[in-house]
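For reference, the structure is listed below as structure tokens.
Each chain gets a letter, A, B and so on, in the order its sequence line appears, and its residues count up from 1. In this text, all values refer to a predicted model and were calculated from it rather than measured experimentally.
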Amino acid sequence: MSDLKSCPTVEPDEFVDKTLKNYPPKVAKKRRAHMLVRQESEENQNINANARSVPGIITQRGCCYAGCKGVVIGPYGDMVHITHGPIGCGFYSWLTRRNLFKPGEDGKNYSTYCFSTDMEEHDIIFGGEKKLKQAIYEAYETFKPNAISVHATCPIGLIGDDVQAVAREAEAELGVKVLAFNCEGYKGVSQSAGHHIANNKLFSEVVGTCDQPIEGYSVNILGEYNIGGDAWEIERILKKCGIRVGAPFSGDGKFEEMTSAHMASLNLVMCYRSINYLADMMETRFGIPWAKVNFIGVSAMSKSLRKIARFFEDPELTSKVEQVIQEEEERVYKELAPYKERLQGKTAMLFVGGSRAHHYQDLLKDLGLTPVAAGYEFAHRDDYEGSQIVSDIKLDADSRNIEELKVTPHPEKYRPRLSPEKQKQLEEEKVLKHYHGMIPDMPSGTLVIDDISHAELERLILDLRPDIVLSGIKDKYVIEKFGIPSKQIHNYDYSGPFSGYEGAINFAREIDMMIHNPAWKFMASPFEKKPLLTAELGVDK
Amino acid sequence: MLDHTTSEITPRKALRVNPAKTCQPIGAMYAALGINRCLPHSHGSQGCCSYHRSHLTRHYKEPVMASTSSFTEGASVFGGSPNLRQSLKTIFQTYDPDVVAVHPTCLSETIGDDIPTIVKKASEDGIVPRGKWVIHASPPSYAGSHVTGFSNMVKGMVDYFTNKGEKKVKGQINILPGYVEPPDMRKLKSMVAEMGLTPVGFPDTSDVLDTPKTGHYEMYPPGGTKGEKLLTTGASEYTMAMGHFSSKDPAAHLELKGGVPFTLSDTPIGVQATDRFYQGIMEATGAEIPKAQLDDRGRLVDMMTDYQHYLYGKKVALWGDPDQVISLAEFMSDMGMQPVCIITGTPGKIFEKRLKAILEGKALMPVIAQKQDLFYLHQVIKKQPVDLLVGNTYGKYIARAEDTPFVRFGFPILDRAGHSYFPSVGYKGGIHLLTSIVNTLLDRQDRDAPDERFELVL
Ligand code: SF4
Ligand code: SF4
């Protein structure tokens, strides 16, 4: 008998085999390495990740450009982001990610604009450097942004435009920062390569270029993108505790703030996948330590606040934090109670992103739901197994192509925040420099599937019939045709915030609505003879 | 909102700002979805495919299936042949489509992958199962726009399916609907069938991108033109092709290949374009326009005069895909509305020519521009304010910045409902379109009216 939570009639291993049967044998073998059945008794379960998707398999993944421009750099709303390439790439990444932005005092806000060199046949044949330079000039003349970024798309790499040289020239001539990213879509195997490329450039050309002190208990928030206003809710709570956000990377971010980010006391890492590089490099160069946090879920939020308090180790701050936690939790749990009652025991699957499929498990558990299967779209092994395994990961050809910067302590600006003893102690306590990964949090009998394909998702839904699936736009309506609600957790179905305490309430309300909406029951028309789902699935529900 | 857009128009040679078009493959993918049991395949890096699927999904709120060759750096240097072969292997075994419709992305196009040769070799090597089709379109993604991609994919259908010298089937006519919505494709077929003719409409995305929710998911919904049907396109007596930009090339190709003569008409939006649609078919086939359609026509004209107080003289700015925008501009000027600025991002001088011909002598000549963007349109209307904006969702920022009523029309519509259910073609479609125009203007009038002018009857 299986211990797979949702569905006692499904043997997890059998399920995996059945899923793989539909593939050509070589593909099946490859995919097998990306799946595991969780056994809590087994320590160090391995999974393959960050490997090429099989051509033709129907993956959820996007490209390097999407990771660089779309994810990390795009949210800086006071910059002009120029996509260098044919029109499509820039068009699709125009306002579709919901990284909300409020301009600063200077009123500069380009977040609703889309800029592209719109390369056409002639430009592809004769090269696009001139056009790019002209575009940068025109952008600067017309918009006077605080900085400009340039993002190369696939054909640009191929025709060999030197975007770095163009950016350097324009920067020197215009006197405005121009950051060029060689984030051509074919680099790496997913969005992930683009995160790394973006991190490298922010680190080497922006962070640490200005030394504006940041007063008080100061933190930077890394890997938080202000989807649906998440960053604002987090900021509200931190502010209430007396903690100051130096620079956000990059939700609601302003260019200027980044330049002094190294002056903060601590880096908080939300999405470890997209930004761990920057956290590591900043620690080496400036001595600023990092702590992994999760601001999604009530208990996760409180736990993260306590981590911060532990770092600063100031009784006044600690008691303030405890007071805020008590206040907020009391209110939130009261509001969540009726939802929890209705949601208790429901099952969920999560297939999305590089951190959310883990982060949201905390929130689901707060609401009484059980995750039965989960996986990331573009994560690496450490996101599954924990940051301690990083040194064991063998780099393949695709990853080797992404530059690893050699970082050394800054001769003047390196400033350790803690005594070596305390640093060591906090590392041992796993407060600093540690992310434990998704797998240890998954109960026995659940499935972990990396880079899930359409075929696998379909099989999972048919056999496991979860009550809800947390996923992305491309899967949402597939899942819902089956009669199972699907919550988008890339874009939150256009609502939010879902972070912090307020966010938990918003999320609970929506999950409850989606599962209990009376409209679902009309899928079965009264004129059909055959009962709808039961016959085909043989699942006792 | 859009505070950095000023009314002063400075020349731009290189920078596209707020585009009014997108790239070819999404149009190719959309067209391919209009073949029954077809899986569109994007030959390039996986990002494009992900973007195209996502955007179509946002527009339709429906599953949009497509696969990708998932190029990595190696494929970009050494060519994508192994990736396409692997894709076809995986696709046929795992997803069992009847047709795979391949389109290149900018990347594979720049590399110069020879898709037909790769596919031919794959067929010879048994990778493509018997009785299955692999077709392709050759859109250089960086020429034209999504409309061109659509047209190229439809041309690809003709290329692979239309046979030469077929014996003609009496009363069978090909319908090339152009780049329109699923309900439009459904409507056009029924308009032709009501005339007693047998339409072969392709592509046909109805019953693919507007499927019912029943609790069952089908990767290949029942809709889409069947391969067997497409094989008979050469046996049709005649082709009605709609939209210069989306249907002319495929129609001409069909004539060349299958010997089927065609009429090219504007997309039948509004009274006159729909009249021409019927006239074309009547002339070519001798069939009559049904009485019910004449009644619908009368109802549309009735509405155009019933609500004239709210329409006549109203200044409008329009943007979108050229075929629709041309007909829409004509429709509006037929009601005495006054287009002030009409743009499309899709390149093609014929856009300006056709519009000038249509609007000649009717009203003040508006600013008409192809290959333009929404930043430009916004600048124009800052100088010449309008009463109404009509275009795709991206206009909502302009509408807010200028506090102007806004009717969503075209592709994509990401923030309102209805476009995937109600047609805008034919007389009935005109009634639907006009309803949203009138109601939008009236909502604004009510919103802005002072209490003493806030009236019950309008
Ligand atoms: S590379 Fe070309 S095909 Fe791909 S999204 Fe960009 S413009 Fe479109
Ligand atoms: S062309 Fe390349 S960069 Fe653009 S969307 Fe496609 S994969 Fe991404």
Side-chain angles (χ1 to χ4, degrees), chain A residues 22-24 27 52-59 61-63 65-66 85-89 91-92 107 109-110 112-121 124 131 134-135 138-139 141-143 154-155 157-159 185-187 189 398 401 454-455 473-474 477-478 481-483 523-524 532-533, chain B residues 1-4 10 12-19 21-23 25-26 44-48 50-51 53-55 57-58 61-65 67-73 75-76 83 86-91 93-95 105-107 110-111 140-143 211 213-217 397:
Chain A
N22 293 328
Y23 291 135
V27 175
R52 293 177 188 181
S53 303
V54 177
I57 200 162
I58 310 192
T59 166
R61 284 174 167 178
C63 64
Y65 162 85
I87 198 63
C89 324
F91 181 84
Y92 305 113
N109 180 3
Y110 311 97
T112 55
Y113 290 83
C114 165
F115 305 92
S116 166
T117 52
D118 190 5
M119 295 276 282
E120 293 182 324
E121 200 141 17
I124 298 281
K131 192 171 193 189
Q134 174 74 16
E138 288 172 7
E141 285 308 313
T142 317
F143 296 98
C154 289
L158 228 60
I159 62 175
Y186 53 73
K187 293 205 168 141
V189 298
D398 298 312
N401 286 339
H454 172 76
I473 179 93
K474 297 190 290 291
Y477 300 99
V478 172
K481 288 288 177 199
F482 281 105
M523 284 187 307
L532 250 187
L533 301 163
Chain B
M1 194 52 52
L2 298 178
D3 290 342
H4 307 281
T10 43
R12 276 180 287 133
K13 285 204 280 269
L15 188 68
R16 176 68 63 220
V17 187
N18 303 345
K21 65 162 182 187
T22 182
C23 63
I26 196 169
S45 316
Q46 63 206 8
C48 313
S50 175
Y51 275 144
R53 289 181 63 202
S54 300
H55 229 53
T57 304
R58 290 180 189 116
K61 319 288 185 224
E62 284 286 312
V64 174
M65 301 314 298
S67 51
T68 158
S69 290
S70 294
F71 276 33
T72 53
E73 196 141 7
S76 311
N83 291 56
Q86 175 65 56
S87 297
L88 292 173
K89 227 182 264 174
T90 315
I91 291 166
Q93 179 153 350
T94 311
Y95 296 112
T105 68
C106 297
L107 176 58
T110 309
I111 299 169
S141 320
Y142 33 78
T211 60
K213 187 166 277 152
T214 60
H216 300 286
Y217 165 74
Y397 294 89

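Put simply, the side chain of B/Tyr142 never gets that close to the backbone of A/Pro155: no donor and acceptor are under 3.5 Å apart. Remark: the backbone N or O of A/Ile57 is paired with a side-chain donor or acceptor of B/Tyr95 at under 3.5 angstrom. The backbone N or O of A/Pro55 sits less than 3.5 Å from a side-chain atom of B/Thr90, completing a donor-acceptor pair. A distance-only check finds no donor-acceptor pair linking the side chain of A/Gln134 to the backbone of B/Ala14 [under 3.5 Å].
Taking A/Tyr65 as the reference, nothing meets the ring-ring contact (aromatic ring centres under 6.0 Å, His included) condition, with sequence neighbours excluded. For A/Tyr477, there are no ring-ring contact (aromatic ring centres under 6.0 Å, His included) partners at least two apart in sequence or on another chain.
Proximity to chain A (any heavy atom under 4.5 Å) is restricted, for B/His55, to the side chain, taken from C-beta onward. When heavy atoms are compared at a cutoff of 4.5 Å, B/Thr211 approaches chain A by way of both its backbone and its side chain. Contacts of A/Val478 with chain B are made by both backbone and side-chain atoms, with heavy-atom separations under 4.5 Å. Both the backbone and the side chain of B/Ser87 have a heavy atom closer than 4.5 Å to some heavy atom of chain A. Heavy-atom distances place both the backbone and the side chain of B/Ile111 under 4.5 Å from chain A. The contact between B/Asp3 and chain A is made entirely by backbone atoms, counting heavy-atom distances below 4.5 Å. Heavy-atom distances place the side chain of B/Tyr397, and not its backbone, under 4.5 Å from chain A.
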request  = Take B/Thr22 and A/Tyr92 through the test side chain to side chain donor-acceptor pair (under 3.5 Å) and record every step on the way to the result.
outcome  = CA-CA 8 Å; B/Thr22 182; A/Tyr92 305 113; 2.9 Å; yes
task = Starting from the C-alpha separation in whole Å, work towards a yes-or-no answer on ring pair (Phe, Tyr, Trp, His ring centres under 6.0 Å) for B/Tyr217 and A/His454.
result = CA-CA 12 Å; B/Tyr217 165 74; A/His454 172 76; 5.7 Å; yes
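Among all heavy-atom pairs drawn from A/Phe91 and B/Pro19, the shortest one is CD1-CG, 3.7 Å. Counting all heavy atoms, side chain and backbone alike, B/Arg16 lies closest to A/Ile87 at CG-CD1, 3.7 Å. Considering all non-hydrogen atoms of both residues, B/Lys89 and A/Pro24 come closest at O-CG, 4.1 Å.
Rounded to the nearest 0.5 Å, atoms NZ (A/Lys474) and OG (B/Ser50) are 3.0 Å apart.
Side-chain atoms of A/Tyr186 and B/Thr72, non-hydrogen and from C-beta on, never get closer than 4.5 Å to each other.
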